[in-house]
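None of the values given here were measured: they were computed from a predicted structure.
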Amino acid sequence: MSDVGFIDFDIGVPWGRLACRWYGNRQVRPLLAIHGWMDNMGSFARLIPLLPGHLGVLCVELSGHGRSSHYPAGMQYSVIEWTSIIRRVVLHFKWRRVSLMGHSFGAVACNLYASFYGRDNVDMLIAIDLLTIPYKSSSFYIKYLANSVERMLQPTPAPKLYTAEQLKGVRWGPAPTVSKEHAQPLVERCTRPSPDQPDKFYISRDLRLAHYTLFPAGVGLVKELNLRIHNIPYMVIKASESNFINEGFIPALQILRKQNPAFEYHLAQGSHHMLISDPQQLAAWIVPFINRHRPATRWEHPGQLNISKL
């Protein structure tokens with residue numbers, strides 16, 4: 001999908017809008033890409049041109065990220081809310097099924113969606129360096145949730161301001177291993193001028209994202225969630241320098257491998273944000289996976305909304 005074009009548009013939600021970018025082919029149902037926590041659709045900017053040209057990619061920015069609307073004051077973000085974003089997009093386009101690709105907590109949202117809606121509604125899932133709800137003890141979740149409530153009640157600090165020149169050299173905080181050059185697509189997606197100092201800019205992602213609500217799940221619930229994912233082609237890519245997929249996820253991997261003949265697991269060399277720093281490595285696995293499970297001969301209407309007129 002080299003030199004791929006795209007079109008930007010919004011999907012309305014009760015609290016504002018979801019910013020979307022549809023890359024490539026708009027004649028068939030696309031691959032829906034969900035970015036990770038504190039990132040935005042810029043995460044996929046270097047990977048998408050390497051993917052098969054017959055299948056477009058629709059990137060959606062989760063609430064509070066990129067150019068999507070923030071939650072109203074007093075509200076809190078959660079993994080379940082991010083999963084509901086996938087459902088909103090599916091219903092918006094009236095898709096019968098959806099193909100998913102998620103990075104980090106975007107992969108967790110995709111996993112939850114697949115466990116909720118199953119094979120009849122999900123035909124393919126690519127998970128990049130995260131898998132499912134973290135395995136944690138009940139005491140961990142109790143402390144975490146209590147702390148999250150307290151942090152939500154704290155005043156939101158003023159964002160740091162940058163000049164246009166300074167922004168060119170900004171590194172991406174959630175991805176410290178990513179170079180300044182490769183961080184620019186992420187920075188550009190959430191940079192806004194300061195209302196008080198128009199010659200300066202700030203990173204506009206919602207600072208409340210720092211204390212999102214986890215899904216309080218024990219080992220039993222995580223097991224049951226993944227047991228519901230039957231026969232969905234599922235690719236998991238772990239980063240060698242990341243601990244986001246650790247030995248605690250082995251039970252979920254065993255479940256998915258046992259009941260998914262098309263399950264794949266790959267170990268990539270690199271950091272958690274390898275989809276930015278080394279997209280060619282990921283594309284070597286993702287491209288044949290897409291070609292097997294969403295080949296060019298599979299024709300399906302992209303949805304009732306005419307994107308070309310937006």
Problem set entry | Side-chain heavy-atom pair Phe116, Arg87 within 4.5 angstrom cut-off | no
Exercise. Is there a donor-acceptor pair closer than 3.5 Å between any side-chain N or O of Gln259 and the backbone N or O of Ile229?
Worked result: yes
Exercise. Is it true that a side-chain atom of Gln184 and a backbone atom of Leu167 form a donor plus acceptor pair closer than 3.5 Å?
Worked result: yes
For this session: Indicate yes or no for a side-chain donor-acceptor contact from Glu81 to the backbone of Gln76 under 3.5 Å, with no hydrogens or angles considered.
Result: no
Exercise. Other than Tyr202, which residues form its hydrophobic cluster under the rule that side-chain heavy atoms must be closer than 4.5 Å?
Worked result: Leu161
Exercise. Any side-chain donor paired with an acceptor under 3.5 Å for His182 and Ser277?
Worked result: no
Exercise. Is any side-chain heavy atom of Ile237 less than 4.5 Å from a side-chain heavy atom of Ile286?
Worked result: yes
Exercise. Around atom CZ of Arg228, are there more than 12 heavy atoms of other residues, nucleotides or ligands at under 6.0 Å?
Worked result: no
For this session: Determine whether Asn226 and Phe249 make a side-chain contact, defined as any pair of heavy atoms from C-beta on separated by less than 4.5 Å.
Result: no
Exercise. For the atom pair CD (Gln269) and CG (Asp278), what is the distance rounded to the nearest 0.5 Å?
Worked result: 9.5 Å
Problem set entry | Backbone of Asn40 reached by a side-chain donor or acceptor of Glu61 within 3.5 Å | no
Exercise. Would you call the rings of His266 and Trp285 parallel, tilted or perpendicular if under 30° counts as parallel and over 60° as perpendicular?
Worked result: parallel
Exercise. Would you say the side chain of Arg292 lies within less than 4.5 Å of the side chain of Glu264, judging by non-hydrogen atoms?
Worked result: yes
Exercise. Do you see a donor-acceptor pair shorter than 3.5 Å between the side chains of Tyr234 and Asn111?
Worked result: yes
Problem set entry | Test item: Arg119 side-chain N/O and Asn231 main-chain N/O as donor-acceptor pair under 3.5 Å | yes
For this session: Rounded to the nearest 0.5 Å, what's the gap from OG on Ser271 to CD1 on Ile276? Could you check?
Result: 8.5 Å
Exercise. Counting heavy atoms not belonging to Gln280, are there more than 12 under 6.0 Å from its CD?
Worked result: yes
For this session: With sequence neighbours excluded, tell me which residues meet side chain to side chain donor-acceptor pair (under 3.5 Å) with Arg205.
Result: none
For this session: Give the ring-plane orientation class for His65 versus Trp82, where under 30° counts as parallel, over 60° as perpendicular and anything between as tilted.
Result: perpendicular
Exercise. If only atom types and distance count, is the side chain of Ser115 paired as donor or acceptor with the main-chain N or O of Leu112 below 3.5 Å?
Worked result: yes
Exercise. Is the backbone of Pro30 close enough, under 3.5 Å, to the side chain of Trp95 for a donor and an acceptor to pair up by distance?
Worked result: no
Seminar exercise, completed: From the list Leu253, Val108, Val222, side-chain contact (heavy atoms from CB on, under 4.5 Å) partner of Leu131 resolves to Leu253
Exercise. Distance-only, no hydrogens or angles: does the His103 side chain make a donor-acceptor pair with backbone N or O of His272 under 3.5 Å?
Worked result: yes
For this session: Please check if any side-chain donor atom of Asp39 sits under 3.5 Å from a side-chain acceptor atom of Ser104, or the reverse.
Result: no
Problem set entry | Hydrophobic cluster membership, Ile48 vs Trp172, 4.5 Å side-chain cutoff | yes
For this session: State, with a plain yes or no, whether a side-chain heavy atom of Leu18 is found less than 4.5 Å away from one of Asp10.
Result: no
Problem set entry | Whether His35 side chain and Cys59 backbone form a donor-acceptor pair below 3.5 Å | no
Problem set entry | Arg29 backbone acceptor or donor facing Arg294 side chain under 3.5 Å | yes
Problem set entry | hydrophobic_cluster_shared for Tyr144 and Ile80, side chain cutoff 4.5 Å | yes
Problem set entry | Atom of Arg46, atom of Pro279 and distance for their closest heavy-atom approach | NH1-CD, 3.4 Å
Exercise. side-chain contact (heavy atoms from CB on, under 4.5 Å) with Ala262: which residues, sequence neighbours excluded?
Worked result: Pro233, His293
Problem set entry | Nearest-0.5 Å distance, CE of residue Met124 to CZ of residue Arg97 | 10.5 Å
Problem set entry | Inter-residue atom distance Ile86.CD1 - Leu100.CG, 0.5 Å rounding | 5.0 Å
